[in-house]
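The chains referred to below are lettered A, B, ... by the order of the sequence lines, with proteins before strands, and numbering in each begins at 1.
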There are 2 protein chains.
Amino acid sequence: MSASKRDELVQNALKAFYRSGFHAIGMDGLAKETGVSKTAMYKHFRTKEDLILATLRLRDEQFRNWLVRRVEALAETPRDRLLSIFDALAEWFREPEFRSCMFIKASSEYQDRNHPIHVASAEHKRLLLVYFEGLARAAGAASPEALARQLLTLKEGAIVLAHLHDPETAAADARSAAHILMKNAGL
Amino acid sequence: MSASKRDELVQNALKAFYRSGFHAIGMDGLAKETGVSKTAMYKHFRTKEDLILATLRLRDEQFRNWLVRRVEALAETPRDRLLSIFDALAEWFREPEFRSCMFIKASSEYQDRNHPIHVASAEHKRLLLVYFEGLARAAGAASPEALARQLLTLKEGAIVLAHLHDPETAAADARSAAHILMKNAGL
DNA sequence: CTGCACATTTACCGATCGGTACACCCGAAC
DNA sequence: GTTCGGGTGTACCGATCGGTAAATGTGCAG
């Protein structure tokens with residue numbers, strides 16, 4: 001099986017896991033949804049957990065690339081880009097397939113802090129934090145680390161509430177809160 | 001079986017679901033952990049879903065009662081109580097059994113917006129929002145509804161990050177952000 | 001066409017899933 | 001002591017779980 005077939009498998013598995021949850025869908029269901037036979041799947045991945053970890057790696061790359069691109073497209077200055085993070089979020093929340101954050105869900109189902117899936121989820125959030133910090137520093141924030149952590153808190157909260165309550169309100173509230181926190185940090 | 005036995009079952013099932021996840025633990029494992037036989041469990045609850053819904057009702061009551069009591073004990077004025085929400089959160093995060101929010105996890109595993117479990121999770125967050133709003137209004141906030149939504153966003157984000165990164169930092173960051181948002185609302 | 005290598009399908013493994021049928025136990029009524 | 005009824009453990013149901021072995025294609029070198 002070619003490498004592109006493997007990528008295709010991971011792509012489709014990502015969609016299936018995102019839609020159904022990790023425990024909720026089995027390897028048989030996955031085989032049906034991806035169009036790849038079980039045997040072929042086990043050629044590429046030793047266990048279901050390995051497949052999940054591969055989908056998380058793909059999702060991390062996908063999401064952060066998408067966010068950076070959208071933020072760069074929406075605003076020019078570091079300060080405006082910090083704020084436009086929440087405009088990008090609003091766009092994401094509006095997608096009909098939106099079902100919260102893959103990594104929040106992953107860490108909900110694999111809660112042991114030492115579990116590889118939990119670790120991968122924590123790492124994704126850490127990389128986002130690093131991105132926020134870079135923008136905050138470039139913008140000249142009083143305490144870039146503190147502001148980045150606050151904005152990340154708002155982002156995660158907005159995702160949770162967009163999933164449970166209203167997507168539009170969740171993004172707008174987080175954005176207005178971010179604006180206030182940024183002003184407080186001198187931006 | 002007495003009514004108190006039923007309560008005991010729900011109590012123990014709550015712990016088991018919180019520790020393991022909803023899909024991850026089966027009715028056999030639940031019977032073992034609660035000390036109640038499968039037959040007895042099915043006397044009280046027609047399906048696993050019904051049992052889950054009962055545990056969520058208990059958890060909603062437990063958590064909101066606890067929060068209100070802690071907030072009342074920690075501060076006197078409505079303004080100080082708004083802030084002390086995040087001190088109470090910090091206490092919660094420090095508990096060794098802390099494993100994120102039961103309702104975030106529930107909505108992660110049952111994502112369909114119409115699913116009863118998802119609906120129950122959304123309702124829990126709505127009731128928290130109502131509580132926040134009452135405090136914000138009593139404190140004389142400029143826009144109590146908006147402030148309450150912002151603080152709820154911070155709370156949910158703090159829970160997610162306390163679970164994935166550092167509990168202590170997550171609570172402190174949310175608290176400092178809340179302080180700034182409250183000042184901005186005239187408090 | 002034959003023979004070989006590889007990919008895919010199919011059937012299966014023991015364990016566990018949510019849920020149920022039933023034999024059993026034990027105290028109360030007589 | 002006998003009978004009865006409600007709560008109990010146990011054994012079981014078909015389906016599905018994660019994972020595997022072997023049969024069945026399929027394409028290509030000779």
Side-chain angles (χ1 to χ4, degrees), chain A residues 1-57 105-106 108-112 114-118 120, chain B residues 1-57 102 105-106 108-112 115-118 120:
Chain A
M1 183 183 278
S2 65
S4 75
K5 268 273 185 175
R6 184 195 143 113
D7 291 349
E8 202 180 320
L9 162 61
V10 177
Q11 280 269 11
N12 290 331
L14 171 55
K15 283 184 203 157
F17 281 132
Y18 186 61
R19 186 164 4 94
S20 305
F22 299 97
H23 283 96
I25 192 166
M27 293 301 272
D28 292 273
L30 230 34
K32 196 170 297 180
E33 288 217 33
T34 60
V36 178
S37 75
K38 254 171 85 163
T39 309
M41 297 176 64
Y42 277 100
K43 272 253 149 55
H44 290 293
F45 302 99
R46 271 183 49 258
T47 63
K48 185 187 187 184
E49 186 179 311
D50 284 354
L51 175 56
I52 292 176
L53 286 169
T55 65
L56 291 184
R57 274 190 293 274
K105 293 173 12 173
S108 291
E109 296 201 44
Y110 302 89
Q111 356 187 357
D112 182 352
N114 299 322
H115 194 293
I117 293 178
H118 194 99
Chain B
M1 178 185 284
S2 65
S4 75
K5 268 272 184 175
R6 184 193 142 114
D7 291 349
E8 202 179 319
L9 162 61
V10 178
Q11 280 267 13
N12 290 332
L14 172 55
K15 283 183 204 159
F17 281 133
Y18 186 59
R19 186 165 3 94
S20 306
F22 299 97
H23 282 95
I25 192 166
M27 293 302 271
D28 292 273
L30 229 35
K32 195 168 299 179
E33 288 215 35
T34 61
V36 177
S37 74
K38 256 171 85 164
T39 308
M41 297 177 61
Y42 276 101
K43 271 251 148 52
H44 290 293
F45 302 99
R46 273 184 45 262
T47 63
K48 184 185 187 185
E49 185 178 312
D50 283 354
L51 175 56
I52 293 176
L53 285 169
T55 67
L56 291 184
R57 273 190 294 272
M102 188 89 175
K105 291 171 14 171
S108 289
E109 295 201 44
Y110 302 89
Q111 355 188 354
D112 181 352
H115 194 293
I117 294 178
H118 194 99

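The shortest distance between the side-chain N/O atoms of B/Ser37 and the OP1/OP2 oxygens of D/dG9 is below 4.0 Å.
Contact annotation for B/Leu51: no contact, since no heavy-atom pair falls under 4.0 Å across all strands.
In this structure, the side-chain hydrogen bond (donor to acceptor under 3.5 Å, both in side chains) partners of A/His23, at least two apart in sequence or on a different chain, are A/Glu109. For B/Thr39, the side-chain contact (heavy atoms from CB on, under 4.5 Å) partners two or more places apart in sequence, or in a different chain, are B/Ser37. When the side-chain contact (heavy atoms from CB on, under 4.5 Å) test is applied to B/Tyr42, the partners found at least two apart in sequence or on another chain are B/Met27. Every residue two or more places apart in sequence or in another chain was checked for a salt bridge (Lys or Arg N to Asp or Glu O under 4.0 Å) with B/Asp112, and none qualifies. With sequence neighbours left out, the ring pair (Phe, Tyr, Trp, His ring centres under 6.0 Å) criterion links B/Tyr18 to no other residue. Take A/Phe45 and apply the ring pair (Phe, Tyr, Trp, His ring centres under 6.0 Å) test, not counting sequence neighbours, and it matches no residue. A/Asp28 is linked by a side-chain hydrogen bond (donor to acceptor under 3.5 Å, both in side chains) to A/Lys38, counting only residues two or more places apart in sequence or in another chain.
With rounding to whole Å, B/Leu30 atom CG is found 10 Å from C/dC17 atom P. The distance between atom CG of B/Asp50 and atom C1' of C/dG18, rounded to the nearest whole Å, is 13 Å. Between A/Lys43 atom NZ and D/dG19 atom C1' there is a gap of 13 Å when expressed in whole angstrom units.
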Between the protein and nucleotides 23-28 of chain D, list every N/O to N/O distance that falls short of 3.5 Å.
none

Would you list the protein and nucleotides 19-23 of chain C atom pairs, both N or O, that sit under 3.5 Å from each other?
unit_1 : atom_1 : unit_2  : atom_2 : d
C/dG19 : OP2    : B/Tyr42 : OH     : 3.0
C/dG19 : OP2    : B/Lys48 : N      : 2.8
C/dG19 : N7     : B/Lys38 : NZ     : 2.8
C/dG19 : O6     : B/Lys38 : NZ     : 2.1
C/dA21 : N6     : B/Thr39 : OG1    : 3.2

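At a threshold of 4.5 Å between non-hydrogen side-chain atoms, the residues A/Leu51 and A/Leu30 count as touching.
Applying the salt bridge (charged side-chain N to carboxylate O under 4.0 Å, His left out) test to pairs two or more places apart or on separate chains, those with a residue in residues 14-27 of chain A are A/Arg19-A/Glu33. Among residues at least two apart or in separate chains, salt bridge (charged side-chain N to carboxylate O under 4.0 Å, His left out) pairs with a member in residues 47-57 of chain A are A/Arg46-A/Asp50.
Proximity of the aromatic rings of A/Tyr110 and A/His115 is defined here by a centroid distance below 6.0 angstrom, and this criterion is met.
Each of A/His23 and B/Gly35 was matched to the nucleotide of DNA chain D holding its nearest heavy atom; the match closer to the 5' end belongs to B/Gly35.
Between the axis at the start and the axis at the end of the helix from C/dC1-D/dG30 to C/dC30-D/dG1 there is an angle of 30°, using five pairs per end and rounding to 10 degrees.
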